[in-house]
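The structure under discussion is supplied below as structure tokens; questions concerning it will follow.
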Amino acid sequence: MKLKYYIVIGYLISMLISVAGVFFGLNHMLIETRGVYYILSVTIIACIVGGIVNLFLLSSVFTSLKKLKQKMKDISQRCFDTKAQICSPQEFKDLETAFNQMSSELESTFKSLNESEREKTMMIAQLSHDIKTPITSIQSTVEGILDGIISEEEVNYYLNTISRQTNRLNHLVEELSFITLETMSDTAEPHKEETIYLDKLLIDILSEFQLVFEKENRQVMIDVAPDVSKLSSQYDKLSRILLNLISNAVKYSDPGSPLTIKAYSNRQDIVIDIIDQGYGIKDEDLASIFNRLYRVESSRNMKTGGHGLGLYIARQLAHQLNGDILVESQYQKGSKFSLVLKLQK
């Protein structure tokens, strides 16, 4: 039974009790029968008018209850309306405010879940593509060697190709492992910091690009200030960040263009700049380049194609080192990525 029916029935019962009480009282008083009927009529009319007024006053309560019921139904259907519709009574207005706040939080939660699901679907699609390409290359190369299609003189060349494709797969697996395990970083044992000689670290990283630099005739300039040549940090994370930033600078700039690496202190921070004169980044893309799975260009060629995880992982690692990665860029002129770390006292 609806609430309003309970109220009406309760009021009718109270009215009958009141009339019966008045009638019983009048029978014990020295009043003429005509007077008794008159008083009873006035009492009944007064009760009816009071009931009508009471229902009129309660109409806003019933309307508010109906609106709240509709809001709950809309929420169950993932329709999150946060518009205020109830003016009275005050308790229902406060209840609607709480509903609207809950609706807004639920909407944000569902949006986050939908975005996460979209990223998951996109990641699976991209990984299927990224994994299939090197596996197909490795498979065809191995079959060529086994079938004798590839001559003995060319075997070493194709083995190097297999090695590169294997490294590409290994790099992809490392990125996936980071994405999978990053939620465990709070519970994982803290990594011990060690003394790192920055100039040596940079030389070790750049040695991985030695063949590329020679092939592209690319000039690399390193400038490490004496006061930051030695620092305390986590070697694996720092080297991975710098490797990613340098790799991007090489990928997104033309062969022969210079690459500059500067390390210096900025009051309380150590700053490592990776500066290229490459393609640059458009202003509308700058705010999104650190988002997971975000890629500036739509192409997926072997030179610049990727899965949009590199910069995301690099910034997450920087945060774990109590630092950050900043970027300045001009489209078609070049970019500067700056790793900023707190200076150890």
Side-chain angles (χ1 to χ4, degrees), residues 112 115-116 118-120 122-123 126-127 130 171-188 190-191 193 196 198 201-202 205-206 208-209 228 231-253 259-266 268-276 278-297 304-331 334-344:
S112 178
E115 180 65 20
S116 178
R118 186 191 69 82
E119 287 186 355
K120 180 181 177 182
M122 185 183 300
M123 180 181 292
Q126 291 183 352
L127 292 178
D130 290 331
H171 180 67
L172 177 58
V173 171
E174 288 179 355
E175 290 184 342
L176 286 176
S177 298
F178 179 87
I179 297 297
T180 304
L181 298 176
E182 67 173 325
T183 54
M184 301 172 60
S185 60
D186 295 335
T187 58
H191 293 274
E193 293 189 349
I196 299 173
L198 190 54
L201 173 60
L202 290 172
I205 293 175
L206 291 172
E208 299 187 24
F209 300 91
V228 298
L231 57 91
S232 178
S233 186
Q234 298 176 32
Y235 184 90
D236 291 339
K237 293 181 179 180
L238 182 58
S239 61
R240 188 168 183 182
I241 294 170
L242 294 175
L243 180 63
N244 179 276
L245 296 180
I246 294 173
S247 176
N248 282 349
V250 174
K251 274 198 298 186
Y252 294 99
S253 60
L259 178 65
T260 303
I261 302 174
K262 293 182 179 180
Y264 54 93
S265 62
N266 182 12
Q268 297 181 347
D269 300 326
I270 296 176
V271 183
I272 304 175
D273 293 335
I274 313 296
I275 307 170
D276 65 70
Y279 311 144
I281 304 170
K282 296 180 180 178
D283 292 340
E284 57 267 25
D285 290 320
L286 279 176
S288 305
I289 59 173
F290 292 102
N291 294 347
R292 186 167 62 180
L293 299 180
Y294 186 85
R295 299 178 65 252
V296 173
E297 65 163 353
T304 58
H307 13 79
L309 294 174
L311 285 176
Y312 169 78
I313 291 176
R315 174 168 265 187
Q316 294 302 312
L317 290 172
H319 290 168
Q320 292 177 20
L321 296 178
N322 196 27
D324 200 0
I325 298 177
L326 308 178
V327 58
E328 298 177 13
S329 184
Q330 286 185 297
Y331 187 58
S335 303
K336 180 176 76 172
F337 283 83
S338 301
L339 172 61
V340 182
L341 301 173
K342 293 296 181 181
L343 185 61
Q344 298 288 340

Tell me, do Ile246 and Leu259 make a side-chain contact under 4.5 Å, heavy atoms counted?
yes
Supply the atom-to-atom distance Ile281 CD1 to Glu328 CD, rounded to the nearest 0.5 angstrom.
11.5 Å
Taking side chain to side chain donor-acceptor pair (under 3.5 Å) as the definition, give me every residue that meets it alongside Ser239, ordered by chain and number, with sequence neighbours left out.
none
Rounded to the nearest 0.5 Å, how far does CD of Gln330 lie from CG of Leu286?
10.5 Å
Is it true that a side-chain atom of Ser329 and a backbone atom of Gly334 form a donor plus acceptor pair closer than 3.5 Å?
yes
Asn266 and Val340: side chain to side chain contact (heavy atoms under 4.5 Å, CB included), yes or no, with the steps?
CA-CA 9 Å; Asn266 182 12; Val340 182; over 6 Å; no
Find out whether Asp276 and Asn248 are in side-chain contact, i.e. whether some heavy atom of one side chain is under 4.5 Å from a heavy atom of the other.
no
Point-to-point distance, once rounded to the nearest 0.5 Å, from CZ of Phe337 to CD1 of Ile274
10.0 Å
Within the side chain of Ser253, is there an N or O that forms a donor-acceptor pair under 3.5 Å with the backbone of Gly278?
no
Is there side-chain contact between Tyr279 and Tyr252, with at least one heavy-atom pair below 4.5 Å?
yes
Heavy-atom side-chain contact between Tyr331 and Asp285 under 4.5 Å
no
Run the side chain to side chain contact (heavy atoms under 4.5 Å, CB included) check on Ile272 and Leu242 step by step: do they pass?
CA-CA 9 Å; Ile272 304 175; Leu242 294 175; 3.9 Å; yes
Determine the sole option in Thr260, Val327, Leu326, Ile275 for which the side-chain contact (heavy atoms from CB on, under 4.5 Å) test with Lys336 is passed.
Ile275
Under the side chain to side chain contact (heavy atoms under 4.5 Å, CB included) test, residues paired with Ala318 that sit two or more places apart
Ile241, Ile325, Leu339
Can you name the residues that form a side chain to side chain donor-acceptor pair (under 3.5 Å) with Ser233, not counting sequence neighbours?
none
Does Lys262 have any salt bridge (charged side-chain N to carboxylate O under 4.0 Å, His left out) partners at least two apart in sequence or in another chain, and if so, which?
none
Listing request: all salt bridge (charged side-chain N to carboxylate O under 4.0 Å, His left out) pairs with a residue in residues 310-322, at least two apart in sequence or in separate chains.
Arg315-Asp324
Looking at NZ of Lys237 and CZ of Arg240, how far apart are the two atoms once the value is rounded to the nearest 0.5 Å?
10.5 Å
Walk me through whether Phe209 and Leu243 qualify under side chain to side chain contact (heavy atoms under 4.5 Å, CB included).
CA-CA 10 Å; Phe209 300 91; Leu243 180 63; 3.6 Å; yes
Considering only heavy atoms from C-beta outward, does the side chain of Asn244 approach that of Ile313 to under 4.5 Å?
no
Taking side chain to side chain donor-acceptor pair (under 3.5 Å) as the definition, give me every residue that meets it alongside Ser247, ordered by chain and number, with sequence neighbours left out.
none
Considering residues at least two apart in sequence or located in another chain, which fulfil the side chain to side chain donor-acceptor pair (under 3.5 Å) criterion with Tyr264?
Asp273
Partners passing salt bridge (charged side-chain N to carboxylate O under 4.0 Å, His left out) against Asp269 (at least two apart in sequence or in another chain)
Lys342
Can you measure from CD (Gln234) to CG (Asn322) and round to the nearest 0.5 angstrom?
11.0 Å
